[in-house]
Amino acid sequence: MARVLFLLLLLLPLPSGAVEPDEILDDPALEARARELSKEIRCVVCQNESIDSSNAGIARDLRILVRDRLTAGDSDREVKDFLVARYGDYVLLKPPVKPKTWALWFGPAIILLIGGLATAVFLMRRPRQPAAGTPSLSEAEQARLETLLKDDPPK
Amino acid sequence: MWTRRLLFILPLAIFLIAGAFFLWGLDPERDPSAIPSALIDRPAPEFALSPIEGTEGPGLSTADLASEGVTLVNFFASWCLPCRAEHPLLVRLSQEDGVRIVGINYKDKPEEARKWLEELGDPYARIGADQDGRAAIEWGVTGVPETFIVDAQGRIRYRHIGPIHPNQLENEIQPRLQALRQ
């Protein structure tokens with residue numbers, strides 16, 4: 001049982017970044033911070049890939065830059081600001097919340113709200129019982145309906 | 001009555017807005033991968049580069065950009081094919097139109113860069129060698145070639161990504177150079 005479990009564990013996909021051995025910092029805590037930060041920074045020449053997982057040349061340069069700045073004592077915030085000043089918000093995989101991006105962040109919720117309200121209004125307005133004006137069957141009609149159903153029962 | 005009319009106009013309005021959006025999206029001139037530069041109208045970043053090894057050039061740093069009028073800053077590399085395509089344009093621009101062009105040689109082997117300049121001509125007033133790509137990061141460059149217009153005060157005024165086509169030179173770059181030179 002333990003052996004099977006071990007084999008299954010081997011099959012688990014491991015998070016494999018593109019970080020190369022020569023980039024890794026000696027300080028494991030700092031390296032861990034660099035890895036986390038790198039996951040939030042876009043490789044600017046790739047399609048929606050972080051610099052942590054991209055092996056493009058510029059991604060490597062940015063990874064080294066992130067590590068250099070962390071080693072120099074920058075906070076995570078400062079590293080991000082440094083990159084945003086040069087590459088714009090585009091360099092962050094998660095766009096910041098600011099007036100320019102409100103439509104992006106709150107748009108879907110607002111559309112859902114409008115849709116929900118419209119649905120609610122529609123359902124509330126719909127009469128629950130058939131309108132009083134709808135004529136019901138007369139007795140003769142009812143009798144004929146029953147004979148028709150009896151003659152040709154539903155299959 | 002009024003709300004009823006609104007109810008009829010609303011779908012039309014939504015259709016028009018969506019239609020305009022799709023029209024914009026289908027515009028073949030629009031480049032969806034273009035990223036607006038964060039550096040436009042900002043001072044050129046701090047950097048200091050030594051010349052290409054084995055040349056007698058003076059190297060390039062931030063101070064060289066604000067001292068001699070409007071400058072074209074061109075990132076290039078000998079291994080970059082599109083750079084080869086735009087190079088004759090730069091040579092012509094510097095020789096015939098007297099535009100001051102400085103080059104940043106991006107991650108290149110010095111001997112290859114020297115050979116390239118000998119072979120294709122050297123339009124650059126100064127060249128800095130960016131061996132580790134740090135200066136390129138300072139400029140927010142994503143790849144070569146890239147070209148910036150820097151005004152006489154050392155502020156970045158325009159960014160062009162990729163090789164310069166003759167019609168882009170004529171329609172986008174030269175008018176801006178002329179306007180800034182006056």
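We name chains A, B, ... by the order of the sequence lines, and we start the count at 1 in each one. When reading the values below, keep in mind they use all heavy atoms of this one structure, side chains included, and skip hydrogens, waters and symmetry mates.
- Looking only at atom types and distance, the side chain of B:Glu146 has a donor-acceptor partner in the side chain of B:Thr142 under 3.5 Å away.
- Against chain B, the residues from residues 56-77 of chain A that qualify, each with a non-hydrogen atom under 4.5 angstrom away, are A:Gly57, A:Ile58, A:Asp61, A:Leu62, A:Ile64, A:Leu65, A:Asp68 in number order.
- Note on ring orientation: taking the six-membered ring where Trp is involved, the planes of B:Tyr106 and B:Trp79 are tilted (angle from 30° to 60°).
- Interface remark: A:Val84 contributes backbone atoms only to the contact with chain B (heavy atom separation under 4.5 Å).
- For B:Ser61, the side-chain contact (heavy atoms from CB on, under 4.5 Å) partners two or more places apart in sequence, or in a different chain, are B:Ala48, B:Ala63, B:Asp64.
- Within a 6.0 Å sphere centred on NZ of B:Lys107, heavy atoms belonging to other residues, nucleotides or ligands number more than 12.
- Counting heavy atoms of neighbouring residues, nucleotides and ligands inside a 6.0 Å radius, atom CD of B:Glu111 exceeds 12 of them.
- For B:Gln131 and B:Asp108, the side-chain atoms include no donor-acceptor pair closer than 3.5 Å.
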